[in-house]
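To keep things clear, I will list the structure first and then write my remarks on it.
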Amino acid sequence: PVIQEDKPSAMKKAQVVDCVCLNIRAMPDMQAKILFVVNAGTEIVVDEKSPDKSWCGVTLPNGQEGYAMRKFLKIL
């Protein structure tokens, strides 16, 4: 069998910082619908290759996905 190598991933763990709670939105836009709210200290998975430098695609611990402002995330 052929063993496939893992491709480098842009997915990294991050922690919510510098806010009490962080809005996870449907789109990378301040006007976008808020899907979830996560508390400070929550560990989430971020996609660092987001085209918009001020937003990240995120995956929450429960598997839900959305977008969060990058300035409130500390990459671990």
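With Q15 contributing its side chain and G41 its backbone, the two residues share a donor-acceptor pair below 3.5 Å.
Of the inter-residue distances, the one linking F36 atom CZ with I44 atom CD1 reads 11.5 Å to the nearest 0.5 angstrom. Of the inter-residue distances, the one linking D47 atom CG with Y67 atom OH reads 8.5 Å to the nearest 0.5 angstrom. Between K71 atom NZ and S54 atom OG the span is 9.0 Å, to the nearest 0.5 Å.
When all heavy atoms of L35 and E65 are compared, the closest pair comes out as CD1-O, 3.7 Å.
With hydrophobic clusters built from ILVMFWY side chains whose heavy atoms lie under 4.5 angstrom apart, L60 does not share a cluster with V37.
Residues R70 and C56 meet the side-chain proximity criterion, which asks for heavy atoms closer than 4.5 Å.
For residues 36-46, the salt bridge (charged side-chain N to carboxylate O under 4.0 Å, His left out) pairs, not counting sequence neighbours, are K13-E43.
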Please tabulate, for side-chain N and O atoms in residues 17-31, each donor-acceptor pair with protein atoms closer than 3.5 Å (sequence neighbours left out).
residue : atom : partner : partner atom : Å
R25     : NH1  : M30     : O            : 3.0
R25     : NH1  : A32     : O            : 2.7
D29     : OD1  : Q31     : N            : 2.7

